[in-house]
Amino acid sequence: MAERRVIIGSSGGLHARPAKLFVEAAARQPVAVTIAVGDRRPVPAHSMLSVLSLGAVHGSEVTLRAEDADAAGAERALDALADLLARDLDGQEPGDGRPAQEPAGA
């Protein structure tokens, strides 16, 4: 089993938007991934309701785990998801990793 510990980087924690980006990325992985906060029971990383129920806030340490016959595939999946969680997803455009643009006149 592959495992990663990562600190939540989004300033608002894993609330709706960052959780959605994370869940979508987890669902695209070729392996099943779980996520847990502290010593709480792990939940499926591809489940929006489960991820939101974690209550992970900025600075929370989470544990990602993946099991697969292809250990390299599990490692790659966890690397990608850990990298995503470590970033501040609140200030990025969906899918491109760039900062969101301020609306005109704001």
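Nearest heavy atoms, Asp88 versus Ser11: OD1-N, 3.2 Å. Counting all heavy atoms, side chain and backbone alike, Val43 lies closest to Val51 at CG2-N, 4.3 Å. For the residue pair Gly12 and Asp90, the shortest heavy atom distance occurs at N-OD2, 2.9 Å. Smallest separation of non-hydrogen atoms from Leu14 and Ile35: CD1-CD1, 4.2 Å.
Residues satisfying the salt bridge (charged side-chain N to carboxylate O under 4.0 Å, His left out) test with Asp79, not counting sequence neighbours, are Arg4. Not counting sequence neighbours, Ala16 has no partner by the side-chain contact (heavy atoms from CB on, under 4.5 Å) test.
Between Asp83 atom CG and Leu78 atom CG the span is 12.5 Å, to the nearest 0.5 Å. Atoms NE2 and OG1, on His46 and Thr34 in that order, are 11.0 Å from each other to the nearest 0.5 Å. To the nearest 0.5 Å, atoms CZ (Arg41) and OG (Ser50) are separated by 7.5 Å.
Residues Thr63 and Arg5 have side chains that bring a donor and an acceptor to within less than 3.5 angstrom of each other.
In this structure, the side chains of His58 and Ser10 stay at 4.5 Å or more apart for every pair of heavy atoms.
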Identify all side-chain donor-acceptor contacts of residues 18-31 below 3.5 Å with residues at least two apart in sequence or on another chain.
| unit_1 | atom_1 | unit_2 | atom_2 | d |
| --- | --- | --- | --- | --- |
| Lys20 | NZ | Glu24 | OE2 | 2.7 |
| Gln29 | NE2 | Ala25 | O | 3.1 |

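Using modelled atom types, no side-chain atom of Ser47 and backbone atom of Pro44 make a donor-acceptor pair closer than 3.5 Å.
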